[in-house]
Number of protein chains: 2
Amino acid sequence: MKTEAEALDMIGDHFRRARLAAGLTQEQVADLAGISRPRYRDIETGAAAARATTLINVARALGLEMMLVPQAMVPAIEALLSPQGEDDRPAFSPQAEGDDE
Amino acid sequence: MKTEAEALDMIGDHFRRARLAAGLTQEQVADLAGISRPRYRDIETGAAAARATTLINVARALGLEMMLVPQAMVPAIEALLSPQGEDDRPAFSPQAEGDDE
DNA sequence: AGAATTTGATCCGCAAACATATCTCAGTAG
DNA sequence: CTACTGAGATATGTTTGCGGATCAAATTCT
C-alpha cells in the first residue's frame with residue numbers, strides 16, 4: 001500500500017485530538033456527525049476510510065473544516081495555523097507530489 | 001441530505017476547475033489518482049462521495065492538498081488564498097456549525 | 001466528410017463503509 | 001462489590017464506492 005494508511009491515521013489522530021480538546025466523547029461526535037459510534041471509532045483509529053460527506057460532517061462536528069488548497073500554499077497555511085492553535089496539527093505534508101505509488 | 005450534496009458538488013467543481021487549469025483530461029487525473037474514469041467522473045459531478053483516501057489521491061493528482069483546519073481560521077486562510085490565488089476558490093464556507101442536518 | 005479524443009452514462013460484480021446490536025474492559029462513583 | 005460511563009472490539013446485514021467494460025454524444029483535428 002502506501003501513504004494511504006498513514007493519511008487515515010493522521011486524519012484519525014487529528015480528529016481524536018480535536019475531540020479531546022473539545023471535551024466530547026466518541027458517541028457525542030458520532031451523533032453530531034450522524035454516524036454510529038463504532039464507525040467513528042474506526043475513523044479515529046484509521047481503520048476505515050470515511051466517505052467525503054462523512055469526513056465533512058465529522059470535521060464540522062469537531063469545529064473543523066475540510067479545505068482543498070494548492071500544495072504550494074500548504075506551508076504558508078501551516079505557518080498561519082502553527083503559532084496560535086497548538087491543538088491542531090495541520091493536515092498533511094505532501095511529501096512529494098501528485099500521484100500515488 | 002442537503003448540505004451534503006452541495007458539498008459534493010463544491011468538491012467536484014473544485015476538482016474540475018483545477019483539472020481544466022492543469023490542462024488534464026478526466027482519464028489522466030483518474031489515472032494519476034489511481035481510480036477509474038467513470039468514478040472520477042462521479043466525483044467531479046458530485047454523483048458519488050469519494051472515500052477519504054480517494055479524495056486525497058485525487059487532490060494530490062491535481063496539485064491540491066486536503067487540510068483540516070479550525071473553522072475560525074477559514075476566513076484567514078481564504079484571505080491568504082484569494083488575492084494571489086492561482087487557481088482556486090477555497091473549499092467551503094461553514095455556514096453554520098456543529099452538526100449537520 | 002471521417003477519425004480521434006473527451007466526456008456523459010449505464011451495467012455487473014466486488015470490496016468496503018455504514019447501521020445496529022452485543023460483548024468486554026478500564027475507570028470512577030455509589 | 002455493584003452501577004455507570006467511555007472506549008475497544010466483533011458479528012450480521014444493507015448501502016455504496018469502485019473497477020472494468022461498454023454504449024452514445026459532443027468536440028476537435030486532419
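Because the structure is predicted, anything quoted here is derived from the model rather than measured. Lettering follows sequence order; numbering is per chain, from 1.
For the pair A:N57 CG and C:dA17 P, the interatomic distance rounds to 17 Å; values are reported in whole Å. Rounded to a whole Å, the OH atom of B:Y40 is 17 Å from the P atom of D:dG17. In this structure, A:R19 atom CZ and D:dG6 atom P are separated by 11 Å, rounded to whole Å. If you take CD1 of A:I43 and P of C:dA16, they are 16 Å apart, rounded to a whole angstrom. Per the geometry, CG belonging to B:L20 stands 13 Å off P belonging to C:dT6, to the nearest Å. Look at CG on B:D31: it is 16 Å from P on D:dC18, rounded to the nearest Å. The CZ atom of B:R51 sits 13 Å away from the P atom of D:dT16 (whole-angstrom rounding). Between B:E4 atom CD and C:dC18 atom C1' the separation is 13 Å, expressed in whole Å.
Counting only heavy atoms from C-beta on, A:R16 has its side chain closest to D:dG8 among D:dG8, D:dC18, D:dT16. For A:P38, the side-chain atoms get nearest to C:dA21 when compared with the rest of C:dC18, C:dT6, C:dA21. Closest approach to the A:I35 side chain among C:dC18, D:dA7, C:dA17 is made by C:dC18 (side chain taken as heavy atoms from C-beta onward). With C:dC18, D:dA7, C:dT7 as the choices, the nucleotide that has an atom nearest any side-chain atom of A:R37 turns out to be D:dA7.
An OP1 or OP2 oxygen of D:dC18 is reached within less than 4.0 angstrom by a side-chain nitrogen or oxygen of B:T54. Residue B:R41 places at least one side-chain N or O under 4.0 Å from the OP1 or OP2 atom of C:dA9.
Nearer the 5' end of DNA chain C, as judged by each residue's closest nucleotide, is the contact made by B:L24, out of B:L24 and B:D42. Between A:A47 and B:Q26, the residue anchored nearer the 5' end of DNA chain C, judged by the nucleotide with its closest heavy atom, is B:Q26. Nearer to the 5' terminus of DNA chain D, by closest-nucleotide assignment, is the contact made by A:E44 (compared with the other of A:R39 and A:E44).
Without hydrogens or angle criteria, A:E65 side chain to B:V69 main chain gives no donor-acceptor distance under 3.5 Å. Side-chain N or O atoms of B:T54 include none that pairs as donor or acceptor with a backbone N or O of B:A50 at under 3.5 Å. In this structure, the side chain of B:D9 does not engage the main chain of B:A5 through any donor-acceptor pair within 3.5 Å.
Taking B:R19 as the reference, B:E44 meet the salt bridge (charged side-chain N to carboxylate O under 4.0 Å, His left out) condition, with sequence neighbours excluded.
The shortest side-chain heavy-atom distance between A:R17 and A:D13 falls under the 4.5 Å cut-off.
Among the protein residues, B:T45 comes within range of no part of the nucleic acid, since none of its heavy atoms lies under 4.0 Å from any strand. A:T25 comes within 4.0 angstrom of the backbone, heavy atoms only, and of no base.
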